[in-house]
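Hydrogens, waters and symmetry mates play no part in the numbers below; they use all other heavy atoms, side chains included. A quick note: this is a predicted structure, and the numbers were derived from the prediction, not measured. Note that ligands are numbered from 1 as they come in the structure, with each ligand's atoms numbered from 1 the same way.
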Amino acid sequence: MKCSVCGREAVIKLRHAGLRLCPEHLVARVEKEVAGAIRRFRMLAPQERVLVAVSGGKDSLALWHILVELGYRAEGLYIDLGIAGYSARSREASQVFARERGFTLHVVSLEKELGATLDGLTRLARGKTCSLCGTVKRYLMNKFAWEGGYQALATGHNLDDEAATLLGNVLRWDEGYLARQYPALPGEGKLVKKIKPLVFLSEREMAAYCLIKGIRYLYEDCPHAQGARSIALKGVLNELEDRYPATKISFLRGFLKVRDRFRPPEPVVLQDCPGCGMPTAADGPCRFCRLKGRVSHGAAA
Ligand code: SF4
Ligand code: ZN
Ligand code: ZN
């Protein structure tokens with residue numbers, strides 16, 4: 001198998017892009033796609049500081065690496081959720097990565113901020129783990145980025161993630177979520193701009209990039225991911241992709257062309273939470289502060 005660009009030995013075949021690539025040209029493609037997404041969606045200006053949410057997995061670590069390679073002022077944020085048998089290893093992978101490269105990694109502990117780990121919170125709040133996790137992670141990432149003066153918060157969502165999210169939103173015809181699914185969401189008040197520079201790169205490309213660049217990442221997924229709906233959606237899309245290459249990329253690119261037609265049902269009015277001062281759509285304390293109240297109440301009970 002020969003590289004479609006230079007004719008040397010190829011290491012990966014990307015059916016969806018009609019390419020076979022050698023290590024050098026796979027790296028070039030990945031970095032070019034990231035730079036292209038940043039330009040197209042006006043994700044970052046050269047002087048802006050960006051905080052990368054890292055999990056120790058391939059996508060977030062590779063994203064951080066690429067942003068630095070491209071010359072951006074990128075630092076990392078790891079949120080220690082306190083998930084037994086997982087968080088310690090994902091934290092270690094993130095710290096080793098940062099240390100080896102001399103990158104700045106900030107670590108925030110959910111237990112310190114909230115008074116409980118994610119496992120403890122799930123028991124107390126009796127909610128679904130992933131939904132609670134999403135709430136606390138979004139809150140802490142934004143709060144840290146806002147207080148630290150970063151202009152953007154970057155996450156490692158890749159093409160497979162975004163196509164699965166899109167399929168989930170379409171199956172429910174959730175207009176509000178569809179309107180908000182975009183590679184770059186502008187900042188507003190204390191809400192920091194959110195960007196997803198890997199949006200057009202597949203999981204396979206990211207795994208190959210890490211291998212070529214010597215990025216050692218945590219292979220295992222969060223134990224709570226197993227029953228998650230997103231895994232089932234990814235499975236369906238993988239089957240379709242096998243039979244009809246480029247299904248995922250055309251699904252996502254096609255959506256981005258028509259996304260303007262979806263409108264959130266009502267504009268959300270944000271106000272400052274009386275507890276922490278961060279923006280909330282709730283009338284009163286934000287969801288994080290309410291959870292915190294529940295934790296301290298539960299702990300006192
Ligand atoms: Fe959080 Fe669920 Fe993802 Fe685990 S799988 S990190 S619990 S959202
Ligand atoms: Zn080549
Ligand atoms: Zn609050």
Side-chain angles (χ1 to χ4, degrees), residues 1-14 17 19-32 53-57 59-60 78-91 93-94 110 113-123 125 127-144 146-147 155-157 161 164-165 168 189-191 208 212 218 220-234 270-296:
M1 187 168 77
K2 301 272 180 242
C3 173
S4 316
V5 182
C6 68
R8 276 180 289 172
E9 190 62 23
V11 289
I12 190 167
K13 183 176 177 184
L14 303 173
L19 292 170
R20 297 178 184 90
L21 296 172
C22 68
E24 183 191 330
H25 287 109
L26 184 274
V27 166
R29 170 183 156 82
V30 167
E31 293 178 358
K32 196 170 151 215
V54 295
S55 65
D59 304 301
S60 56
Y78 176 82
I79 298 179
D80 189 339
L81 298 162
I83 299 171
Y86 173 72
S87 289
R89 284 197 291 276
S90 66
R91 178 179 172 152
S94 307
L110 180 64
E113 298 293 324
L114 182 81
T117 61
L118 187 62
D119 294 341
L121 177 66
T122 307
R123 274 193 301 275
K128 288 210 175 109
T129 308
C130 291
S131 151
L132 290 166
C133 180
T135 300
V136 298
K137 269 196 309 202
R138 273 192 302 276
Y139 173 86
L140 290 172
M141 288 189 307
N142 183 71
K143 184 166 182 269
F144 192 91
W146 165 253
E147 290 176 351
T155 54
H157 293 98
D161 300 321
T165 303
K190 292 179 187 171
L191 287 180
I212 296 165
L218 189 69
E220 69 187 270
D221 287 327
C222 168
H224 298 293
Q226 260 134 39
R229 184 169 177 256
S230 58
I231 303 282
L233 293 168
K234 279 187 179 178
L270 296 174
Q271 39 205 355
D272 287 355
C273 164
C276 66
M278 294 310 287
T280 176
D283 210 5
C286 71
R287 182 138 193 251
F288 189 88
C289 284
R290 280 183 283 138
L291 288 172
K292 198 169 173 176
R294 204 139 166 195
V295 167
S296 58

Which residues share a side-chain contact (heavy atoms from CB on, under 4.5 Å) with [X], sequence neighbours left out:
X      : answer
Glu147 : Lys143
Val11  : Pro23
Arg123 : Asp119

Run the salt-bridge test on Lys292 and Glu113 with the 4.0 Å N-O cut-off and return the result as yes or no.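 Between Glu113 and Lys292 there is no salt bridge, as every charged N stays at least 4.0 Å from the carboxylate O atoms.
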Thr155 versus Ser60: any side-chain heavy-atom pair under 4.5 Å? no
Check whether any side-chain heavy atom of Cys133 sits under 4.5 Å from a side-chain heavy atom of Leu81, and report yes or no. yes
Under 2.8 Å from atom 1 (Fe) of ligand 1, which protein atoms of type N, O or S occur, listed by chain and number?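 Result, waters dropped: Cys133 SG.
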